[in-house]
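Values below: all heavy atoms of this structure, side chains included; hydrogens, waters and symmetry mates excluded. The model shown is predicted, which means the values in this text are computed figures rather than measured ones.
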Amino acid sequence: MERDSVNLICKTLPGAEVSDPWGGGHDAWKIGGKMFACIGAMGDGVSVKTASVEEAEFLIDMGRGVKAPYFHRSWIKLGWDVPEDEMRDRLVTSYRIVRGGLTKRLQATLGPMPPDTEQPSRT
């Protein structure tokens, strides 16, 4: 994967917007003003939010990512060698976590999640 591929995935998510808040070539993807993915100016991977510090540590211990520099410990940085399906899953999961923290009113303005990103029901 690479920057363009990640940006294509992120731009399909309802309400997702990209900016360069620090200048210098960052791609900061946000939903409702809250970041869910960031590609740094170096372009060596993408940082995403996980559900918890423990999940981030678990993924780091498994070698699925590294500590995301400059971010809270619940964020990890994924390298470009991550398979596309896993990258898509991590981006959508991060989006869901951040979107879920927005007010219900703001969430309602975003529209429904696209069918291909619906979470499977747990039975």
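Looking only at side-chain heavy atoms (C-beta outward), L91 and V6 come within less than 4.5 Å of each other. You'll find the side chain of V53 reaches within 4.5 Å of the side chain of H72, heavy atoms only. A 4.5 Å side-chain heavy-atom check between R90 and T50 finds every atom pair outside the cut-off. You'll find the side chain of K30 reaches within 4.5 Å of the side chain of S19, heavy atoms only. Taking 4.5 Å as the limit, every side-chain heavy atom of E55 sits out of range of all side-chain heavy atoms of S74. A 4.5 Å side-chain heavy-atom check between M1 and I9 finds at least one atom pair inside the cut-off. For the pair F71 and K49, the minimum side-chain heavy-atom distance is 4.5 Å or more.
Distance check, rounded to the nearest 0.5 Å: CH2 of W75 to CE of M35 gives 5.5 Å. To the nearest 0.5 angstrom, N7 atom CG is 7.0 Å from R3 atom CZ. With rounding to the nearest 0.5 Å, the separation of CG in D89 from OG1 in T93 is 4.0 Å. To the nearest 0.5 Å, the span separating CD on E17 from SG on C10 amounts to 12.5 Å. Distance check, rounded to the nearest 0.5 Å: NZ of K34 to CD1 of I97 gives 15.0 Å.
Within the structure, every pair that satisfies the salt bridge (Lys or Arg N to Asp or Glu O under 4.0 Å) test and touches residues 57-76, not counting sequence neighbours, is listed here: E57-R73, R64-E86.
In this structure, the side chain of Q107 engages the main chain of L102 through a donor-acceptor pair within 3.5 Å. No donor-acceptor pair closer than 3.5 Å links the side chain of D20 to the backbone N or O of D27.
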Just list the side-chain donor-acceptor pairs under 3.5 Å for residues 38-45, sequence neighbours left out, or say none.
from	atom 1	to	atom 2	distance (Å)
D44	OD1	K77	NZ	3.2
D44	OD2	K77	NZ	3.0

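Classified by interplanar angle (parallel below 30°, tilted 30° to 60°, perpendicular above 60°), the ring pair F36/W29 is tilted.
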Notebook entry, point to check: After noting the C-alpha distance and the side-chain angles of I60 and I76, does the key distance pass the side chain to side chain contact (heavy atoms under 4.5 Å, CB included) rule?
Noted result: CA-CA 7 Å; I60 291 167; I76 62 169; 3.9 Å; yes
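Other members of the cluster containing V66 do not exist, because no ILVMFWY side chain is joined to it at under 4.5 Å.
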